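Down below is the structure, laid out as structure tokens.
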There are 2 protein chains.
Amino acid sequence: MSFSSKQELNLHKRNACTFAGCGKRFGSHKYLLQHRRVHLDDRPLKCPWKGCKMTFKWKWACTEHYRVHTGERPYVCPIPECGRTFRFVSDFSRHKRKTGHTK
Amino acid sequence: MSFSSKQELNLHKRNACTFAGCGKRFGSHKYLLQHRRVHLDDRPLKCPWKGCKMTFKWKWACTEHYRVHTGERPYVCPIPECGRTFRFVSDFSRHKRKTGHTK
DNA sequence: CTTTCTCTGTTTTGTC
DNA sequence: GGACAAAACAGAGAAA
DNA sequence: CTTTCTCTGTTTTGTC
DNA sequence: GGACAAAACAGAGAAA
Ligand SMILES: [Zn+2]
Ligand SMILES: [Zn+2]
Ligand SMILES: [Zn+2]
Ligand SMILES: [Zn+2]
Ligand SMILES: [Zn+2]
Ligand SMILES: [Zn+2]
Ligand SMILES: [Zn+2]
Ligand SMILES: [Zn+2]
Ligand SMILES: [Zn+2]
Ligand SMILES: [Zn+2]
Ligand SMILES: [Zn+2]
Ligand SMILES: [Zn+2]
């Protein structure tokens with residue numbers, strides 16, 4: 001880590017991103033370091049599906065994307081009369097929030 | 001302005017956006033209020049070109065977009081041997097930065 | 001790498 | 001109980 | 001409004 | 001000189 005000014009170092013210590021136009025602050029210093037990838041061009045994670053060219057910055061995005069190939073719908077509502085299934089955790093979360101279907 | 005907690009009011013006073021997942025801080029309180037539109041669905045500015053359906057949150061984006069209809073290239077490099085023209089101020093800025101073509 | 005174009009935080013300009 | 005990292009979540013939000 | 005899907009800040013889980 | 005708002009800039013960054 002190198003800093004071009006004392007001001008920048010102080011912001012870093014306060015968990016603030018110093019990329020131009022960002023200005024975000026975070027709850028942990030560890031995450032601040034992970035957040036940097038948002039501003040970098042690298043997309044190091046590749047979809048393991050043969051022939052798929054999708055790339056990602058975040059492991060979780062890659063994990064969920066892979067399900068569009070497999071068709072997997074791993075989230076199942078625990079309410080017996082409902083039984084809806086979801087491919088993405090976000091849609092499952094919304095279902096629980098809107099319907100109250102929680103065990 | 002209403003706040004759901006004292007914590008949220010304090011962040012507002014420190015020019016911090018309290019939308020979930022944002023966490024940005026800004027140089028002025030006035031801009032913090034303008035920044036909110038980033039999180040709202042409204043796109044109140046409409047392209048004035050007949051038949052164009054483009055909409056915008058920011059006036060400047062609308063102003064520059066309109067030039068794709070008119071073909072205008074209002075930015076002209078002041079160095080006589082160069083004379084390049086640009087449709088968008090950002091490209092003109094980059095030209096000056098990379099070449100040093102400044103009067 | 002390029003060009004084209006939009007988004008947005010900050011700076012500059014204009015009016016009182 | 002404590003690190004600490006990895007995984008997963010829970011929204012936001014873009015696209016159609 | 002809907003469904004599908006990606007992004008990311010925070011929370012939860014797993015290992016020592 | 002001071003507000004204060006409007007306009008414009010200067011990057012970042014997505015898309016092709
Ligand atoms: Zn550090
Ligand atoms: Zn950042
Ligand atoms: Zn894939
Ligand atoms: Zn259900
Ligand atoms: Zn206020
Ligand atoms: Zn915000
Ligand atoms: Zn238009
Ligand atoms: Zn030039
Ligand atoms: Zn674009
Ligand atoms: Zn949404
Ligand atoms: Zn998307
Ligand atoms: Zn760029």
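Computation of the quantities below employed the complete heavy-atom set of this structure, encompassing side-chain atoms and omitting hydrogens, waters and symmetry-equivalent molecules. Below, chains carry the letters A, B, ... as their sequence lines are ordered, and counting in each starts from 1. The shown structure was predicted, so the numbers you read here are calculated from the model rather than taken from an experiment.
Counting non-hydrogen atoms under 4.0 angstrom, B:Phe92 reaches nothing in the nucleic acid. Note on A:Phe86: nothing from the nucleic acid sits closer than 4.0 angstrom, heavy atoms only. Among the atoms of the strands shown, only primed sugar atoms or phosphate atoms (P, OP1, OP2) are found under 4.0 Å from some heavy atom of A:Arg87. Among the protein residues, A:Phe56 comes within range of the sugar-phosphate backbone only, with heavy atoms under 4.0 Å from sugar or phosphate atoms but none that close to a base. Among the heavy atoms of the strands lying under 4.0 Å from B:Tyr31 is at least one base atom, whether or not backbone atoms are also near. Here A:Phe88 lies in heavy-atom contact (under 4.0 Å) with a base. At a threshold of 4.0 angstrom between heavy atoms, the contacts of A:Asp41 with the nucleic acid are absent.
Under 4.0 angstrom from either OP1 or OP2 of C:dC7 there lies no side-chain N or O belonging to B:Trp58. When the side-chain nitrogen and oxygen atoms of B:Tyr75 are compared with OP1 and OP2 of F:dA8, none of them lie within a distance under 4.0 Å. Between C:dC7 and B:Arg43, a contact under 4.0 Å exists linking OP1 or OP2 to a side-chain N or O. An OP1 or OP2 oxygen of C:dC7 is reached within less than 4.0 angstrom by no side-chain nitrogen or oxygen of B:Lys57. Of the side-chain N and O atoms in A:Lys59, none sit less than 4.0 angstrom from OP1 or OP2 of D:dA6. Contact check, A:Lys96 against D:dA10: a side-chain N or O comes under 4.0 Å of OP1 or OP2. The phosphate of D:dG11 has OP1 or OP2 within less than 4.0 Å of a side-chain N or O from A:Arg97. Between A:His35 and E:dG9 there is a side-chain N or O to OP1 or OP2 distance below 4.0 Å. Close to F:dA12, at under 4.0 Å from its OP1 or OP2, lies no side-chain N or O of A:His39.
Taking 3.5 Å as the limit, the base of D:dA8 and the side chain of A:Thr63 contain no donor-acceptor pair of atoms between them.
Side chain of B:Asp91, nearest nucleotide from E:dG9, C:dC5, D:dC9: C:dC5. In the set E:dT3, F:dC9, E:dT6, the nucleotide with an atom closest to the side chain of A:Arg94 is E:dT3.
Residues A:His65 and B:Cys22 each lie close to DNA chain E; by heavy-atom proximity, the contact nearer the 5' end of the strand is made by A:His65.
At most 12 non-hydrogen atoms from other residues, nucleotides or ligands lie less than 6.0 angstrom from NZ of B:Lys30.
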When you look at A:Cys47 and A:Lys53, which way does the side-chain contact (heavy atoms from CB on, under 4.5 Å) test go after all the steps? CA-CA 7 Å; A:Cys47 173; A:Lys53 297 278 173 257; over 6 Å; no
Test side-chain contact (heavy atoms from CB on, under 4.5 Å) applied to A:His12 and A:Leu32, step by step: CA-CA 8 Å; A:His12 177 81; A:Leu32 170 61; 3.6 Å; yes
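In this structure, the side chains of A:Thr63 and A:Trp58 stay at 4.5 Å or more apart for every pair of heavy atoms.
Both tests do not hold together for A:Arg67 against A:Trp49: distance to the six-membered ring centre under 6.0 Å, angle to the ring axis within 45°.
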